[in-house]
Amino acid sequence: MDTIVASLSQGTTVMCRRGFRRADDGTAADARARVEAMVAYRSRQLAYENRFALVLLLGCAGLCAAIFTVGAGWRQAPWLCAGTLALLLCLLAVPLTVTVDDTHLRVRLAGALRRDIALADVRAVERREYAPVREFGGWGWRWGLTHRNARAYTTTGTTAVVLTLRDSQEVYLGVEDEAALLDLLSARIAS
């Protein structure tokens, strides 16, 4: 989560990883409501919500555990075996977060990969069905295979909200509430 500093009429509140600090002369709940009001839309999806990814990663973890057991890997390099299994299981909890505020749409994957798109750069927005495996090689943070000027940020599904930017790049966003994001972005780019 990014650190957001908001200047409030009754004091200053900082949203940090551990929660909210109390505003100078307001309650923490009031401060939280004011800071959250700055974010117009937020969607967070986890990798395990995709059944294909869930089966694939659990299958890989099971296969690795079996290979490590049969091959005596647990005795020779237990730290490597445990680390490999932990990594495979942690990949199930990778979050994809899409937020929209007054000026930007922000995409975060696991907090490490980031993309900020200025709403002023969005030319058109629509909902579209697509084939994630054929067009992008799967789900996640992807470059287009069939559309060279396209990027996809998805964890599940075969529908997405597609933004067309001023430079003709298409951005596919897989979110839970597509209608809400579509309505919000349509209203923001129309004004």
Side-chain angles (χ1 to χ4, degrees), residues 1-5 14-21 32 35-36 39 41-101 104-117 128-163 165 169-178 181:
M1 176 187 312
D2 295 328
T3 302
I4 299 173
V5 180
V14 177
M15 187 169 104
C16 57
R17 292 181 197 272
R18 293 192 181 113
F20 285 83
R21 295 183 186 148
R32 181 181 193 138
V35 172
E36 286 179 352
V39 175
Y41 178 87
R42 183 167 195 244
S43 173
R44 183 179 178 115
Q45 293 181 301
L46 299 171
Y48 71 80
E49 294 172 1
N50 182 330
R51 290 183 187 172
F52 178 75
L54 179 66
V55 169
L56 182 67
L57 289 172
L58 288 178
C60 286
L63 182 63
C64 286
I67 291 171
F68 294 152
T69 302
V70 171
W74 290 110
R75 281 183 273 138
Q76 295 174 359
W79 55 272
L80 181 62
C81 297
T84 301
L85 291 176
L87 176 65
L88 287 170
L89 295 176
C90 285
L91 287 175
L92 289 171
V94 170
L96 174 72
T97 306
V98 176
T99 57
V100 178
D101 59 24
H104 286 83
L105 180 138
R106 301 176 197 292
V107 181
R108 305 287 185 259
L109 182 66
L113 299 174
R114 300 167 180 241
R115 170 119 189 234
D116 294 340
I117 301 170
R128 190 182 298 169
E129 289 191 25
Y130 72 109
V133 175
R134 184 172 32 114
E135 294 179 32
F136 291 97
W139 294 270
W141 190 281
R142 301 291 183 145
W143 285 265
L145 299 175
T146 59
H147 311 290
R148 292 290 176 200
N149 204 20
R151 303 290 180 266
Y153 309 103
T154 61
T155 56
T156 62
T158 59
T159 61
V161 173
V162 180
L163 310 177
L165 305 181
Q169 182 182 28
E170 291 184 337
V171 177
Y172 288 68
L173 299 170
V175 295
E176 288 178 5
D177 192 358
E178 292 174 347
L181 181 60

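Being a predicted model, the structure only gives us computed values, none of them experimental. Atoms considered below: every heavy atom in the structure, side chains included; atoms not considered: hydrogens, waters and symmetry mates. Index from 1, following the sequence.
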Residue pairs, two or more places apart or on separate chains, that pass side-chain hydrogen bond (donor to acceptor under 3.5 Å, both in side chains) and touch residues 50-68:
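Of all non-adjacent pairs touching residues 50-68, none passes side-chain hydrogen bond (donor to acceptor under 3.5 Å, both in side chains).
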What residues form a ring-ring contact (aromatic ring centres under 6.0 Å, His included) with Tyr48, not counting sequence neighbours?
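Residues passing ring-ring contact (aromatic ring centres under 6.0 Å, His included) with Tyr48: none at all.
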Does the Trp139 side chain pair with the main chain of Ala47, one donor and one acceptor, at a distance under 3.5 Å?
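No; zero donor-acceptor contacts below 3.5 Å.
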On a heavy-atom basis, which atom in [X] and which in [Y] lie closest, and how many Å separate them?
| X | Y | result |
| --- | --- | --- |
| Trp74 | Thr69 | NE1-OG1, 3.3 Å |
| Gly144 | Arg148 | O-NH1, 3.9 Å |
| Leu165 | Arg115 | CD1-NH2, 3.5 Å |
| Ala65 | Leu85 | N-CD2, 4.0 Å |
| Tyr153 | Leu96 | O-CD2, 3.4 Å |
| Gly174 | Gln45 | O-OE1, 2.9 Å |

If we count only N and O atoms by modelled type, under 3.5 Å, do the side chains of Tyr172 and Arg142 hold a donor and an acceptor together?
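Checked: Tyr172/Arg142 side chains show no N/O donor-acceptor pair below 3.5 Å.
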Quick one: side-chain hydrogen bond (donor to acceptor under 3.5 Å, both in side chains) partners of Thr158, sequence neighbours excluded?
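Partners of Thr158 under the side-chain hydrogen bond (donor to acceptor under 3.5 Å, both in side chains) test: none.
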Salt-bridge criterion met for Arg42 and Asp101 (N-O under 4.0 Å)
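Looking at Arg42 and Asp101, the cut-off is not met.
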Is the Phe136 ring parallel, tilted or perpendicular to the His147 ring (thresholds 30°, 60°)?
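Aromatic pair Phe136/His147 classed tilted.
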